[in-house]
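A short worksheet on the structure shown next.
Per chain, numbering begins at 1; letters A, B, ... match sequence-line order.
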There are 2 protein chains.
Amino acid sequence: MNTLAEENYLKSIYHLSVNATSVSTNQLAALLNTKASSVTDMLKKLAEKELINYTPYQGVSLTATGEKIAVNIIRKHRLWEYFLVEKLDFKWDQVHEMAEELEHISSNELIDRLDKFMEYPKFDPHGDPIPDCNGLFKIHNLKPVSSIGINEGGVICGVRDHSKAYLQYLEKQSLTIGKKVTVAEIIEFDHSMILQTEDKTIQISRDVANNLLIAL
Amino acid sequence: MNTLAEENYLKSIYHLSVNATSVSTNQLAALLNTKASSVTDMLKKLAEKELINYTPYQGVSLTATGEKIAVNIIRKHRLWEYFLVEKLDFKWDQVHEMAEELEHISSNELIDRLDKFMEYPKFDPHGDPIPDCNGLFKIHNLKPVSSIGINEGGVICGVRDHSKAYLQYLEKQSLTIGKKVTVAEIIEFDHSMILQTEDKTIQISRDVANNLLIAL
DNA sequence: TAATAAATTTAGACCTGTCTAAATTTATTG
DNA sequence: CAATAAATTTAGACAGGTCTAAATTTATTA
């Protein structure tokens, strides 16, 4: 099918495309921890295979085929993450690297059966939607906690930062998926916020609030 | 750690070592579907890493380190096969290719947790022993059905041929792991055998009998 | 044991995916 | 709008793993 490197490029282009119509060579190089010249080389190959639309100096976007492949990799990644957390009891900050490997296991039958085994979960351990076997998924309309006002609140449903450090911090503060939070106070000086949950009051920085997503 | 190719070489050397003290370049080339010259190149690399004992023209054997790595890959392979059959309902003839990919997922913590999740199975779906997290496993003392006499019998506990065709044939004849069989008759002409199971009588060729392993 | 056959290794090439350094294109700004 | 900066691409190289063809070593056998 496609090589590991190709799959990672498609996945990265997909992720970067969420906030833009076109993705730049440098953006990809940064995300993939490689050099711009390497990216250019690979873009030519992917364009040759008609998985991306590529015009030199003008950035890239996925073709329909390329997007389908990317979404399938993301489906695999998220289903494996769900498996690791729900069945093997890993913590949400431990599963990313393993899923980065597992997402490249080729069999679709395997992933569809895994999906069934887990009873078709709709969201992964970080709150990201899991595409179904046709590549379809709902886009949750979430807001960062930093965007809401005093006495407003909602249920934690996702994160924007998936780093180990951030996830571990949230875990320690019990700010995990499903928790209901309300903004009790906003400190004007640094925009830090005081959150009220069912069992305690927690102060978080603007940075933390910015990456914590809730449904109203 | 080690590359995919290196892991496959170590695994192949291990398997070929079961019936010999030393493994030849050509044996490896045949098993790995590659050319002898490619094997030689890789053997140099593995020797450099001290994973094998290699003297040009004299064949190879695994070092203690190399064997440890090989056994770990086999452990992963067999645990994943067990998972695919027992949890995802695949048939025993469907899992080999998937396990060939899954065995290279690097995390040992993952495989140890998978082991626990399945309650530490001792044999994979083909009856092969699964090494524990220390690399230890019991060698079942099995005999091919072809080696026993009339009115003797035992319980099917393994196969020597792991090919899809062979496994599918056995499945169709209900000659699967755990079945009790007795030799009712041996046809002198071609050494085919008539087996008696609990619910039926089955005639199998010498070839089939040779690859079917039972515990007395 | 000399000649031949089989097995193995070496030499040189290729492909993938990467890199550095240099060249080119596009964007920015005085 | 010309000069500079930033982004991108090209050129040429390299490492891993493979290949074919040729050379070498070991095994076989007449």
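Relative ring orientation between Phe117(A) and Phe117(B) is described as perpendicular, the plane-to-plane angle rising above 60° on a 0-90° scale split at 30° and 60°.
Counting to the nearest Å, the P atom of dT9(C) and the CG atom of Leu46(B) are 13 Å from each other. Look at CG on Leu4(A): it is 9 Å from P on dG17(C), rounded to the nearest Å. Atom-to-atom, CG of Asn2(B) to P of dA15(D) comes out at 19 Å; the value is rounded to the nearest Å. Taking atom CG on Asp41(B) and atom P on dA11(C), their separation rounds to 11 Å, with Å as the unit. Between the NZ atom of Lys44(B) and the P atom of dG16(D) there is a distance of 14 Å, rounded to whole Å. Following rounding to the nearest Å, Gln27(B) (CD) and dT8(C) (C1') show an atom-to-atom distance of 13 Å. The separation between Leu43(A) atom CG and dT18(C) atom C1' is 14 Å, rounded to whole Å. If you measure from atom CE of Met1(B) to atom P of dG16(D), you get 16 Å, rounded to the nearest angstrom.
Applying the salt bridge (Lys or Arg N to Asp or Glu O under 4.0 Å) test to residues at least two apart or on different chains, the pairs with a partner in residues 29-52 of chain B are Glu6(B)-Lys49(B). For residues 105-125 of chain B, the set of pairs meeting the salt bridge (Lys or Arg N to Asp or Glu O under 4.0 Å) definition, not counting sequence neighbours, comprises Arg75(B)-Asp112(B), Arg75(B)-Asp115(B), Arg78(B)-Asp124(B), Glu109(B)-Arg113(B). Each ring-ring contact (aromatic ring centres under 6.0 Å, His included) pair with one or both residues in residues 23-61 of chain A, not counting sequence neighbours, would appear here, but there are none. Here ring-ring contact (aromatic ring centres under 6.0 Å, His included) pairs that include residues 9-50 of chain A, with residues two or more places apart or in two chains, number zero. Within the structure, ring-ring contact (aromatic ring centres under 6.0 Å, His included) pairs that include any residue of residues 66-88 of chain B comprise Trp80(A)-Trp80(B), Phe83(A)-Phe83(B), His77(B)-His96(B), Trp80(B)-Phe83(B) (at least two apart or interchain).
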Might you list the N or O atoms of the protein lying below 3.5 Å from N or O atoms in nucleotides 20-22 of chain D, with each pair's distance?
| from | atom 1 | to | atom 2 | distance (Å) |
| --- | --- | --- | --- | --- |
| dT20(D) | O4 | Ser37(B) | OG | 2.9 |

Identify the pairs formed between an N or O of the protein and an N or O of nucleotides 25-29 of chain C at a distance under 3.5 Å, and give each distance.
| from | atom 1 | to | atom 2 | distance (Å) |
| --- | --- | --- | --- | --- |
| dT25(C) | O4' | Tyr57(A) | OH | 3.4 |

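Counting heavy-atom neighbours within 6.0 Å of Lys143(A) NZ, excluding the residue itself, gives a total of 12 or less.
Remark: Lys164(B) pairs with Glu97(B) by the salt bridge (charged side-chain N to carboxylate O under 4.0 Å, His left out) rule, at least two apart or across chains. Partners of Glu100(A) according to the salt bridge (charged side-chain N to carboxylate O under 4.0 Å, His left out) rule, which considers only residues two or more places apart in sequence or in another chain, are Lys11(A). With sequence neighbours left out, the salt bridge (charged side-chain N to carboxylate O under 4.0 Å, His left out) criterion links Glu67(A) to no other residue. Applying the side-chain hydrogen bond (donor to acceptor under 3.5 Å, both in side chains) criterion to Thr176(A), with sequence neighbours excluded, gives no partner residue.
Within the structure, a side-chain polar atom (N or O) of Asn26(A) is placed less than 4.0 Å from OP1 or OP2 of dT8(D). Not one side-chain nitrogen or oxygen of Ser24(B) sits closer than 4.0 Å to the OP1 or OP2 atom of dA7(C). Residue Lys45(A) has a polar side-chain atom (N or O) positioned under 4.0 Å from OP1 or OP2 of dG17(C).
Between dT18(C), dT8(C), dT10(D), one nucleotide has an atom nearer to the side chain of Thr34(A) than all others, and that is dT18(C). Closest to the side chain of Ala36(B), out of dG17(C), dG17(D), dT9(C), is dT9(C). The side chain of Thr3(B) approaches dG17(D) more closely than any other nucleotide in the set dG17(D), dG17(C), dT9(D).
The partner of dA23(C) is dT8(D), by the rule that a Watson-Crick or G-U pair needs both atom distances under 3.5 Å.
Only Tyr9(B), listed by number, bring a heavy atom of residues 6-23 of chain B to less than 4.0 angstrom from any atom of DNA chain D.
Counting heavy atoms from C-beta on, the side chains of Asn210(B) and His191(B) never come closer than 4.5 Å.
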